[in-house]
Every structure is written in structure tokens, then in C-alpha cells.
Engineer: 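Structure below; questions to follow.
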Protein chains: 2
Amino acid sequence: MVLSRTSQYAIQALIYIATQAPGEPVLNRDIAERLNVPAAYLAKILQNLCKHGLLDSFRGRLGGFCLREGMHKSTLMHVLQLTEGPDFTKNCILGLKECSDETACPMHFKWKPVKNKIISMLNFMTLDELAKAVLTGKYRLADLPASAIPS
Amino acid sequence: MVLSRTSQYAIQALIYIATQAPGEPVLNRDIAERLNVPAAYLAKILQNLCKHGLLDSFRGRLGGFCLREGMHKSTLMHVLQLTEGPDFTKNCILGLKECSDETACPMHFKWKPVKNKIISMLNFMTLDELAKAVLTGKYRLADLPASAIPS
DNA sequence: TATAATTCGGACAAAAAACTCTTTAAGGAG
DNA sequence: CTCCTTAAAGAGTTTTTTGTCCGAATTATA
Ligand code: FES
Ligand code: FES
């Protein structure tokens with residue numbers, strides 16, 4: 001029912017970066033504070049996303065992370081294939097090696113349509129759209145960030 | 001996208017027990033062999049299901065585990081609430097503390113209908129029905145069991 | 001009663017996931 | 001060139017999950 005923490009952090013961070021001005025590097029420290037997640041751990045995740053071409057990173061002053069050209073259109077499926085492994089959609093819900101109509105477990109034919117729904121949903125949601133949603137102010141990226149002073 | 005191994009083992013074992021003659025205790029060793037899972041670990045899981053009233057256990061000769069009276073009608077939701085915790089359906093997919101329309105993350109309104117679909121599916125599937133499906137021979141409980149002939 | 005078969009319970013071990021620390025390299029500004 | 005800021009890299013730690021081991025309790029049967 002859930003994603004790994006790593007995936008959750010990755011998605012949150014990417015959406016946050018997508019809400020910022022393109023081409024302006026965002027500091028890992030700022031992302032971590034905004035999302036209220038451990039900075040050193042987040043850094044590892046972002047580094048990994050860099051290696052896989054989703055982000056660009058810059059060191060030194062004015063450094064930070066920003067979405068690589070064109071990656072605003074990346075889908076959550078793309079992101080999750082990096083964080084959860086390339087065939088995270090190919091697993092049987094009961095843990096069998098293979099999930100297919102030919103080797104179906106007793107849940108398979110009920111689960112399959114739901115799974116397909118999830119897959120198409122993930123293929124449909126892009127970072128850009130999610131960022132736009134956040135920018136409307138109607139949606140939250142993190143719960144009660146340290147700087148949520150209602151003054 | 002996946003369940004914990006513990007949940008997978010629990011569901012597999014319960015379905016297997018449900019396929020066996022009611023009232024006849026099934027040996028942990030036999031279940032483990034049939035499902036090809038570690039016996040000592042499975043025993044822990046079954047003990048836990050006993051404590052929560054889903055199974056009855058008997059020690060000594062002719063001992064083993066069998067479904068408690070009426071529990072053939074248990075749903076997967078019931079099982080998973082024991083193995084994954086009582087509010088495993090209440091979590092936000094992005095990891096926020098609360099999942100609700102009022103505190104929605106950017107995925108919430110897309111995810112919610114899918115989640116509801118999963119929940120109703122889990123509420124609908126009973127051990128009895130899954131066991132029947134397995135007994136037709138069309139579905140697998142485990143991949144390549146040591147002995148591919150149940151009975 | 002003695003014995004073998006089984007679960008029970010707790011401690012233990014290994015592996016994976018989550019998280020931290022430290023050092024190094026790179027880049028911008030004075 | 002020097003200083004400061006930042007990410008990169010890698011080793012190390014902690015926590016959770018998964019899995020093992022063993023001795024004690026229980027029960028049928030001979
Ligand atoms: S075989 Fe189990 S979900 Fe497809
Ligand atoms: S708030 Fe994130 S899924 Fe409901």
C-alpha cells in the first residue's frame with residue numbers, strides 16, 4: 001500500500017524543485033528543510049537522481065540541484081523506476097516470482113485491473129502538473145514544515 | 001506496490017490452510033514446504049495469527065494449525081490489518097501524516113479512488129473463495145513448490 | 001510412564017532500509 | 001590566490017525486517 005521512504009522523498013523533492021524557477025539551482029538544505037526530511041539522506045537520493053539524468057547538480061556558490069532540461073515532463077512512473085527498481089510493477093502481489101496470466105496466483109485476476117489503473121495513473125502524472133497543483137496552494141508537499149508559522 | 005513478506009506469507013499460508021479439510025490441523029512444516037518459505041519464520045507468523053484469533057493451534061502429536069470456526073469467511077482486509085497494522089489503509093501515498101481531503105497531497109485526489117478500489121477488493125476477498133480458486137488448479141499459491149502435487 | 005511429535009517463547013543473527021559523518025572536489029567571489 | 005559554499009563519495013551507524021536456534025511446554029500413543 002505504500003512506497004519506500006526513499007521514493008516518497010524523491011517524489012516530494014522533485015515536485016518541490018519543479019515548483020521553483022527553472023534553471024535556478026535549489027539547495028539540498030532548503031529542500032530538506034521545506035520537506036522536513038533528513039538532509040544528508042535526501043542528498044544521497046538527489047545524487048542518485050542526478051546519475052540517472054533527472055537532475056543537474058552544481059557545486060560551489062550558487063550551486064544546488066535543478067531539473068534537467070525537459071525533465072519537467074517526467075512521469076512518476078519514470079521516477080519510481082529509478083527509486084524502486086526497473087520492474088517494480090512486474091511483481092506478484094503475493095510474492096510469486098512472476099506475475100502473468102499464465103502463472104496466476106489466486107489474487108491475480110482481481111488485482112490486475114487495479115494494478116493497471118495504478119500504472120496508467122503513474123504514467124499520467126508529470127512533475128510539472130504536480131508542481132502546478134502545489135502552486136495553487138490547495139495541496140501539501142509535507143506536513144507542518146518547521147516554517148509553518150500561522151502568525 | 002507490494003505487501004511485506006510477512007503479509008505475503010500470512011496470506012499464502014491462510015489460503016493453503018483453507019484448502020485443507022477443516023478441523024484437521026495442518027503442520028507448520030508442511031505449509032512451509034508447500035509454500036517454499038522459511039519454516040521458523042512462518043511459525044512466528046502463524047503464532048501471531050493465533051493470538052489474534054484467526055487460527056487455532058494444537059501442540060503435540062496430531063497438532064498443527066487450523067482456521068478457527070467461522071474464519072473461513074475472513075477477508076484479506078482482516079488479515080492485513082493484523083500483519084500490516086490496523087491503519088495500513090490510512091496512510092498518505094507520499095508519506096504525509098494524515099491522508100484526507102482537507103490535508104491533501106498533490107497525488108491525493110488521483111490516488112483516492114484507486115485506494116478505495118483496493119480497499120473494497122480486500123474487503124471482498126475471503127479465504128474461502130481464494131481457497132476454492134486454488135482448488136480448481138488454475139491458480140498458484142507458490143512458484144515451483146518442492147512437490148507440485150497438493151493432493 | 002516413556003517417547004516422539006508438535007507448538008511456544010525468547011534470544012539471537014543476518015540482511016535490508018534509513019540515516020549520519022567525514023573528507024574531498026569543484027566553483028564563485030573577493 | 002584564498003576563502004567560502006556547495007555537492008560528491010564513501011564509510012559507518014541505527015533501526016526495521018526477515019530469518020534462525022534452542023529449550024520448554026503440551027499432547028497422543030505405545
Ligand atoms: S500472479 Fe500474483 S498478482 Fe499476478
Ligand atoms: S493526502 Fe496523500 S494520498 Fe491522501
Side-chain angles (χ1 to χ4, degrees), chain A residues 1-14 17 20 23-33 35-68 80 82-85 88 91 94-95, chain B residues 1-13 17 20 23-68 80 82-85 88 91 94-95:
Chain A
M1 192 64 107
V2 292
L3 300 172
S4 67
R5 266 214 176 0
T6 297
S7 292
Q8 293 175 340
Y9 292 168
I11 293 177
Q12 289 178 5
L14 287 168
I17 295 173
Q20 302 304 108
E24 298 272 315
V26 188
L27 291 189
N28 174 69
R29 183 189 341 123
D30 292 344
I31 307 173
E33 187 178 355
L35 303 180
N36 199 26
V37 306
Y41 190 42
L42 180 63
K44 295 294 184 195
I45 295 170
L46 296 182
Q47 282 167 32
N48 185 254
L49 295 176
C50 280
K51 272 198 300 207
H52 287 94
L54 217 49
L55 292 175
D56 280 321
S57 67
F58 306 94
R59 301 211 250 198
R61 286 216 177 180
L62 305 189
F65 296 89
C66 60
L67 279 171
R68 182 166 293 184
L80 290 177
L82 300 183
T83 55
E84 301 276 323
F88 85 107
N91 297 116
L94 280 190
Chain B
M1 191 64 111
V2 292
L3 300 172
S4 68
R5 265 206 169 6
T6 296
S7 292
Q8 293 176 340
Y9 292 168
I11 293 177
Q12 289 177 4
I17 294 173
Q20 301 304 106
E24 298 270 316
V26 188
L27 291 189
N28 175 69
R29 183 186 346 120
D30 291 344
I31 306 172
E33 187 179 356
R34 171 63 217 283
L35 302 179
N36 200 25
V37 306
Y41 190 41
L42 180 64
K44 297 292 186 198
I45 295 171
L46 296 182
Q47 282 167 31
N48 186 253
L49 295 176
C50 281
K51 272 197 300 206
H52 287 94
L54 217 49
L55 291 175
D56 281 320
S57 67
F58 305 95
R59 300 212 253 199
R61 284 214 179 182
L62 306 188
F65 297 89
C66 61
L67 279 170
R68 182 166 295 184
L80 290 178
L82 300 183
T83 55
E84 301 276 323
F88 85 107
N91 298 117
L94 280 190

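Remember, predicted model here, so these are calculated numbers, not experimental data. Any value given below was found using the heavy atoms of this structure, including those in side chains, with hydrogens, waters and symmetry copies removed. Numbers restart at 1 for each chain; the letters A, B, ... are given by sequence-line order, proteins then strands.
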Engineer: Taking CG from A:L27 and C1' from D:dT5, how many angstroms apart are they, rounded to a whole number?
Structural biologist: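 Rounded to whole Å, this separation is 9 Å.
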Engineer: Just wondering, more than 12 heavy atoms not from A:R68 lying within 6.0 Å of its CZ?
Structural biologist: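 Yes.
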Engineer: With B:S7, which residues qualify under side chain to side chain contact (heavy atoms under 4.5 Å, CB included), at least two apart?
Structural biologist: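 So B:S7 forms a side chain to side chain contact (heavy atoms under 4.5 Å, CB included) with B:L3, B:S4, B:L80, B:T83, B:E84.
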Engineer: For B:Q12 versus A:L94, what's the shortest heavy-atom pair and its separation?
Structural biologist: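 Between these two residues, the closest heavy atoms are NE2-O, 2.6 Å.
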Engineer: Measure the spacing between CG of A:L27 and CZ of A:F58 and express it to the nearest 0.5 Å.
Structural biologist: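 So the CG of A:L27 and the CZ of A:F58 are separated by 12.5 Å.
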Engineer: Using every non-hydrogen atom in the two residues, find where B:I45 and B:A10 come nearest and quote the distance to one decimal.
Structural biologist: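 So the two residues come closest at CG2-CB, 3.8 Å.
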Engineer: What are the two closest non-hydrogen atoms of A:L67 and A:I17, and how far apart are they?
Structural biologist: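 Shortest heavy-atom contact: N-CG2, 3.8 Å.
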Engineer: Pick the closest DNA chain C nucleotide for A:G60 and for B:F65 by heavy atoms, then say which residue is nearer the 5' end.
Structural biologist: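 This one resolves to B:F65.
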Engineer: Does A:L46 reach a base, just sugar-phosphate, or nothing at all? Heavy atoms under 4.0 Å.
Structural biologist: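 If one applies the 4.0 Å heavy-atom cut-off, A:L46 turns out to touch nothing in the nucleic acid.
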Engineer: Could you tell me which non-hydrogen atom of A:L62 sits nearest to which non-hydrogen atom of A:P25, and how far apart they are?
Structural biologist: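 So the two residues come closest at O-CG, 3.5 Å.
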Engineer: What is the distance, to the nearest angstrom, from the CZ atom on B:F58 to the C1' atom on D:dT27?
Structural biologist: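 That distance rounds to 12 Å.
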Engineer: Give the B/S/- string for nucleotides 9-22 of chain D, one per nucleotide from 5' to 3', where a protein heavy atom under 4.0 Å of the base yields B, of only the sugar-phosphate yields S, and otherwise -.
Structural biologist: BB-------BBB--
Engineer: Which heavy-atom pair separates A:L46 from A:A13 by the least distance, and what is that distance?
Structural biologist: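 Closest pair (atom of A:L46, atom of A:A13, distance): CD2-CB, 4.0 Å.
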Engineer: Given atom CD1 of A:I45 and atom P of D:dA8, what is their separation to the nearest angstrom?
Structural biologist: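 Taking atom P of D:dA8 as the reference, CD1 of A:I45 is at 14 Å.
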Engineer: Name the first nucleotide and the last nucleotide along DNA chain C (5' to 3') that come under 4.0 Å of a heavy atom in chain A.
Structural biologist: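 Extent of the interface on DNA chain C: C:dA18 to C:dA29.
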